[in-house]
Protein chains: 2
Amino acid sequence: MTASRLVSRATWQGSLDGFLDRIRENNSAADSSGLSSVTVEGKCIGLVKPEFCEKLKAYPEVFQAVGNGQSFQVNAALHSSAARTEAVAGVMEDLRQKGAIEGWRNELYPVTESFNREPLLLVERAAATYLGIKAYGVHINGWSQTQQGIELWVARRSPTKQKWPGKLDHLAAGGQPHGLSCKDNVVKECAEEASIPAELAKKAIPTGVVSYTADQPEGCKRDVLFCYDLELPQDFQPEPKDGEVESFQRMPLQQVAELVSNTQEFKINCNLVIIDFLVRHGFLTPEHHGYLSLVSGLRQGNCS
Amino acid sequence: MTASRLVSRATWQGSLDGFLDRIRENNSAADSSGLSSVTVEGKCIGLVKPEFCEKLKAYPEVFQAVGNGQSFQVNAALHSSAARTEAVAGVMEDLRQKGAIEGWRNELYPVTESFNREPLLLVERAAATYLGIKAYGVHINGWSQTQQGIELWVARRSPTKQKWPGKLDHLAAGGQPHGLSCKDNVVKECAEEASIPAELAKKAIPTGVVSYTADQPEGCKRDVLFCYDLELPQDFQPEPKDGEVESFQRMPLQQVAELVSNTQEFKINCNLVIIDFLVRHGFLTPEHHGYLSLVSGLRQGNCS
């Protein structure tokens with residue numbers, strides 16, 4: 001028996017209402033009735049808000065309006081992934097120059113019907129949310145077992161980050177770019193964001209998935225996040241490296257749970273991954289009223 | 001760092017097809033179009049197969065046919081939970097005497113719209129599947145960390161068990177009866193089925209939920225199972241007690257995974273709980289083709 005089993009296990013003593021609020025906030029676009037679909041070869045690959053719809057109509061040679069003009073298909077004459085990638089990139093670049101797409105990343109996301117399938121095209125990461133494309137990412141819960149119980153490493157995002165400046169975040173996390181396995185992405189993000197050596201980062205354990213459909217200013221964010229647990233030695237100290245993180249702090253699980261339940265301090269999607277952690281580690285239990293809504297709420301988004 | 005982290009982590013090296021087959025088998029009644037609903041106060045509480053439908057029609061004072069006779073409501077004149085419980089019990093007892101309900105348990109299941117709500121009525125456990133009532137249970141993964149990695153305790157069910165005789169099973173598991181918390185049910189089942197002392201059983205950690213909708217000969221089995229992990233000391237030996245289990249064996253995770261993937265040796269619903277264990281402990285990974293179908297398939301049933 002290891003030390004962990006000798007520590008009496010604390011559990012959450014309050015209501016689950018705050019956690020359920022965080023789940024709702026992440027699924028603010030669960031009702032997609034006001035959105036227009038984008039299809040490639042008959043497969044729906046995107047959901048677009050009305051404002052961006054209007055912009056796409058200026059490029060009928062790439063985005064062909066279908067039916068009453070409330071949905072689009074990528075021109076069927078573009079037969080290959082490479083041809084579609086090039087044509088769509090041209091439109092996105094033009095929209096970027098017109099100021100209609102912000103936060104260009106120079107990073108390509110694969111557009112697929114489901115994970116691990118051959119991409120139907122590749123698209124600039126910044127454009128993914130505007131087009132409502134399903135995207136994938138990895139989130140790493142960095143935790144240690146202390147005398148007081150489980151503690152979780154929490155990052156404070158840099159105040160100069162373009163997205164979610166100053167918010168609390170995971171030890172490391174990142175979008176899943178084209179051509180990199182989740183496992184390798186975990187190692188890469190752990191190194192870049194928290195100076196974690198590869199040998200240690202490789203010990204991260206994949207533990208499942210959360211998904212959501214969030215309404216954001218630029219569009220519909222449809223994400224599937226692969227969750228990892230990385231147990232860190234008690235004396236290990238992550239260090240910011242690439243400027244994305246301002247500082248790291250290790251917090252007792254109770255404090256993390258209070259921040260999730262009672263505040264919006266965490267970057268919005270981190271809340272789901274942390275709630276999943278609290279469920280898997282038994283900090284939230286079937287005795288809590290609303291437990292089943294909470295657990296099933298963690299994979300509300302299209303999870304394919 | 002504990003010993004567990006020094007052991008190199010094995011992962012599954014084959015395809016997920018066998019695991020996906022087990023998930024499909026558990027959801028053989030996912031298409032409910034051939035079933036008739038049973039409602040109480042306008043809330044759907046059951047889904048009944050045509051054969052049992054015909055039998056219920058003999059009791060119109062309790063099960064009132066609605067519309068074209070393809071659904072039933074429990075007589076609205078039965079205003080209280082107690083009144084409904086008594087009236088439905090009378091019908092079920094009569095059907096039992098006529099041989100239409102087998103496997104009587106003398107154990108009451110709460111019938112609710114969702115877990116932890118006040119029951120709309122109570123119904124004999126054996127009748128629950130005939131009526132297609134959503135039922136709840138606890139399943140306990142008993143595991144140990146050995147030099148070879150994680151090993152799981154597997155029970156062989158008694159050859160004289162009424163249900164699933166001789167199949168492989170969890171360390172302990174049981175239906176969730178009325179008036180007992182999940183936590184207390186875990187302790188009770190661990191004692192009854194595996195002679196595990198309460199002090200040890202209380203260390204079981206709730207880790208989440210699986211759900212399914214299975215077509216079984218008597219009816220539609222709609223279950224939500226609360227999953228628990230109980231780490232046992234390496235020298236602990238569970239012992240059969242109440243005659244439900246013939247023997248216990250501790251198996252390397254690889255062997256358990258092969259049994260799930262390649263055979264139908266396990267009692268059908270145990271497969272889901274074990275797959276969930278394999279996912280949470282990183283034995284199955286996002287690199288496996290079909291991982292997202294697998295993970296999201298674990299909660300296909302109504303999970304409320």
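Note that this is a predicted model, so its numbers are computed, not measured. Naming: A, B, ... by sequence-line order, numbering from 1 per chain.
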request  = Ignoring hydrogens and angles, state whether a donor on the side chain of A/Q13 or A/T11 is under 3.5 Å from an acceptor on the partner side chain.
outcome  = yes
Can you tell which part of [X] gets under 4.5 Å to a heavy atom of chain A, answering side chain, backbone, both or neither?
X: B/H281; result: backbone
X: B/V138; result: neither
X: B/S304; result: backbone

For chain A, which of [options] has the most heavy-atom pairs under 4.5 Å?
options: B/S211, B/G282, B/P206; result: B/P206
options: B/L298, B/V209, B/L284; result: B/V209
options: B/P286, B/S293, B/S296; result: B/P286

ask   = Does A/R280 come within less than 4.0 Å of A/D276, counting only side-chain N to carboxylate O?
value = yes
remark   = Test side-chain hydrogen bond (donor to acceptor under 3.5 Å, both in side chains), reference A/Y212, set A/N269, A/N26, A/N27, output is A/N269
task = For a side-chain contact (heavy atoms from CB on, under 4.5 Å) with B/V111, tell me which candidate from B/L131, B/V123, B/L122, B/V40 qualifies.
result = B/V123
query = What orientation do B/Y136 and B/F115 show, parallel under 30°, tilted 30 to 60°, or perpendicular over 60°?
reply = tilted
request  = Look at the rings of B/H170 and B/H139 and say which category their plane angle falls in: under 30° parallel, 30 to 60° tilted, over 60° perpendicular.
outcome  = perpendicular
query = Between A/F283 and chain B, which part of the residue has a heavy atom less than 4.5 Å away: side chain, backbone, both or neither?
reply = neither
